[in-house]
Number of protein chains: 2
Amino acid sequence: MRYSYQREVIKNIVCSTKSHPNAEWVFCEAKKQIENISLGTVYRNLKILENTGKIKSIHDDNQVRYDGNIDDHHHLKCVECGALIDTDIQSNFDRKKIIDDYDFEPNEVKFFILGKCKKHTK
Amino acid sequence: MRYSYQREVIKNIVCSTKSHPNAEWVFCEAKKQIENISLGTVYRNLKILENTGKIKSIHDDNQVRYDGNIDDHHHLKCVECGALIDTDIQSNFDRKKIIDDYDFEPNEVKFFILGKCKKHTK
DNA sequence: ATATAAATAGTAATCATTACTACTTACAAA
DNA sequence: TTTGTAAGTAGTAATGATTACTATTTATAT
């Protein structure tokens with residue numbers, strides 16, 4: 001893969017925040033560094049970075065958000081403000097039961113907990 | 001809420017399948033019973049049925065799918081064919097840990113397991 | 001029966017994302 | 001160090017899912 005300054009900037013933006021931003025936000029941040037960067041470039045490079053394992057994507061309702069934390073982890077989502085919070089909680093399920101009962105080969109778990117973050121608990 | 005034949009038909013379609021259909025599929029089925037039903041009517045009523053607890057929605061990638069099974073349950077998703085399969089697996093997490101460590105009030109878990117269904121395991 | 005507010009059909013608009021195209025640039029080889 | 005070229009980009013158009021709008025229809029209370 002050829003070097004691209006735009007891709008470098010985009011990667012650094014995603015990896016420098018814990019806010020799990022969407023493409024639009026990354027685009028706005030990137031414009032601060034590259035005034036005429038294109039939204040299409042942001043979308044394309046986010047996908048490339050995801051496919052090469054540099055970042056992860058999270059499907060949140062009907063938007064895609066990106067995460068610079070590529071370690072296995074799950075999220076808490078605040079239903080009030082939409083914030084996603086990284087956690088180290090484990091998702092353990094009975095692998096054998098799934099194979100036996102459902103004839104299904106499990107591979108990966110997507111898991112998040114909805115609730116209210118500290119800003120919104122009363 | 002006023003009675004609507006369209007809403008009744010839409011509800012019966014969603015509650016008569018385990019395929020977790022999207023709005024487009026429900027629309028096609030509904031047209032078999034009401035030739036000139038409008039896609040907007042389908043979207044509006046799916047949302048109403050969800051808000052009144054008659055059906056549930058599942059955000060799958062960038063599409064919304066609906067589920068007539070309103071009992072608490074989780075899904076297996078086949079990465080090959082996109083099939084969603086209902087399960088009775090439990091999602092147990094350490095509620096106290098989440099409150100203590102993250103100052104977060106958990107309310108609901110969304111959880112699904114990606115893998116391959118029996119049609120696609122070799 | 002009639003009034004009326006809610007629901008509908010049909011169509012236009014929106015929003016996130018992807019596709020297209022002419023121009024630019026990284027970088028390999030001369 | 002130039003130069004050829006394929007990969008990458010900016011800018012814009014297109015797509016697909018969903019929502020909004022509006023004139024017409026319909027459920028239902030009086």
Side-chain angles (χ1 to χ4, degrees), chain A residues 1-14 17 19-67 77 81-84 110, chain B residues 1-14 17 19-67 77 81-84 110:
Chain A
M1 165 128 30
R2 228 176 70 171
Y3 171 84
S4 144
Y5 176 59
Q6 284 83 343
R7 182 153 55 239
E8 210 59 26
V9 167
I10 290 164
K11 185 180 132 203
N12 288 335
I13 289 168
V14 175
T17 179
S19 72
H20 310 88
N22 62 12
E24 194 68 37
W25 189 89
V26 174
F27 176 57
C28 292
E29 287 299 301
K31 274 207 283 203
K32 294 177 184 171
Q33 295 177 246
I34 307 171
E35 58 174 348
N36 70 333
I37 193 169
S38 166
L39 182 56
T41 297
V42 172
Y43 273 102
R44 186 166 28 75
N45 280 302
L46 286 170
K47 196 153 282 186
I48 289 169
L49 290 166
E50 184 189 359
N51 291 338
T52 55
K54 305 290 196 306
I55 64 176
K56 281 190 164 185
S57 71
I58 307 162
H59 288 268
D60 174 39
D61 285 7
N62 48 2
Q63 278 218 163
V64 178
R65 297 171 69 164
Y66 290 93
D67 194 342
K77 181 178 176 185
C81 63
L84 287 182
K110 301 229 174 183
Chain B
M1 165 127 31
R2 225 177 69 174
Y3 172 84
S4 144
Y5 175 59
Q6 284 85 343
R7 181 155 55 240
E8 210 58 29
V9 166
I10 290 164
K11 186 180 132 203
N12 287 336
I13 289 168
V14 175
T17 179
S19 71
H20 310 89
N22 61 13
E24 195 68 36
W25 188 88
V26 174
F27 176 55
C28 291
E29 288 299 301
K31 274 206 284 203
K32 294 177 185 171
Q33 294 177 248
I34 307 170
E35 58 175 349
N36 71 333
I37 194 170
S38 165
L39 182 56
T41 297
V42 172
Y43 273 101
R44 185 166 28 75
N45 279 302
L46 285 171
K47 196 153 283 187
I48 290 169
L49 289 166
E50 184 189 359
N51 291 339
T52 54
K54 305 290 196 306
I55 65 176
K56 281 191 165 186
S57 71
I58 307 164
H59 288 267
D60 173 40
D61 287 8
N62 49 2
Q63 278 221 165
V64 179
R65 297 170 69 163
Y66 289 92
D67 195 342
K77 180 179 176 184
C81 64
L84 287 181
K110 300 230 175 184

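A quick note: this is a predicted structure, and the numbers were derived from the prediction, not measured. All chains are named by letter (A, B, ...) in the order of the sequence lines, taking the proteins before the strands, and each is independently numbered beginning at 1.
At a threshold of 4.5 Å between non-hydrogen side-chain atoms, the residues B/N62 and A/V64 do not count as touching. Considering only heavy atoms from C-beta on, A/Y66 stays 4.5 Å or farther from A/L49 through its side chain.
Here the CD1-OH distance, from A/I10 to A/Y43, works out to 12.0 Å after rounding to the nearest 0.5 Å.
For B/Q6 and C/dA9, the shortest distance from a side-chain N or O to OP1 or OP2 is below 4.0 Å.
Checked against side chain to side chain donor-acceptor pair (under 3.5 Å), A/T52 has no partners two or more places apart in sequence or in another chain. With sequence neighbours excluded, no residue forms a side chain to side chain donor-acceptor pair (under 3.5 Å) with A/S4.
Proximity of a side-chain donor or acceptor of B/N45 to a complementary backbone N or O of B/I48 within less than 3.5 Å is not detected.
Between the C1' atom of D/dT15 and the CD atom of B/Q63 lies a distance of 13 Å, rounded to the nearest Å. One can place CD1 of B/I10 at 11 Å from C1' of C/dA7, the figure rounded to the nearest angstrom. We find that CH2 of A/W25 is positioned 16 Å from P of C/dT17, with the value rounded to whole Å. Going from atom CG of A/N36 over to atom C1' of D/dG8 covers 13 Å, rounded to whole Å. Whole-Å rounding puts the A/N22 CG to C/dC15 P distance at 14 Å. Atom CD1 in A/I34 sits roughly 12 Å away from atom P in C/dT25 (whole-Å rounding). Look at CZ on B/F27: it is 12 Å from C1' on C/dT11, rounded to the nearest Å. Taking atom CG on A/D61 and atom P on D/dA17, their separation rounds to 17 Å, with Å as the unit.
Within the structure, the salt bridge (Lys or Arg N to Asp or Glu O under 4.0 Å) test picks out no pair touching residues 1-13 of chain A (sequence neighbours left out). The salt bridge (Lys or Arg N to Asp or Glu O under 4.0 Å) contacts involving residues 27-47 of chain A comprise A/E29-A/K32, where partners must be two or more places apart or lie in separate chains.
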Nucleotide N/O of nucleotides 18-21 of chain C paired with protein N/O under 3.5 Å:
residue	atom	partner	partner atom	Å
C/dT18	OP1	A/K47	NZ	2.4
C/dT18	OP2	A/K47	NZ	3.0

Protein and nucleotides 26-30 of chain D: nitrogen or oxygen contacts under 3.5 angstrom:
residue	atom	partner	partner atom	Å
D/dT26	O2	B/R2	NH1	3.1
D/dT26	O2	B/R2	NH2	3.2
D/dA27	O4'	B/R2	NE	3.3
D/dT28	OP1	B/Y3	N	3.1

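The nucleotide whose nearest atom lies closest to any side-chain atom of A/N45 is, among C/dA9, D/dT9, C/dA7, D/dT9.
Each of A/E35 and B/R65 lies near DNA chain D, and the nucleotide nearest A/E35 is the one positioned closer to the 5' end. Residue B/I37 is the one, among A/A23 and B/I37, whose nearest nucleotide of DNA chain C lies closer to the 5' end (criterion: closest heavy atom).
Side chains of B/T41 and B/Q6: no donor on one and acceptor on the other come within 3.5 Å.
Within the nucleic acid shown, A/E24 has no heavy atom closer than 4.0 Å to any nucleic acid atom.
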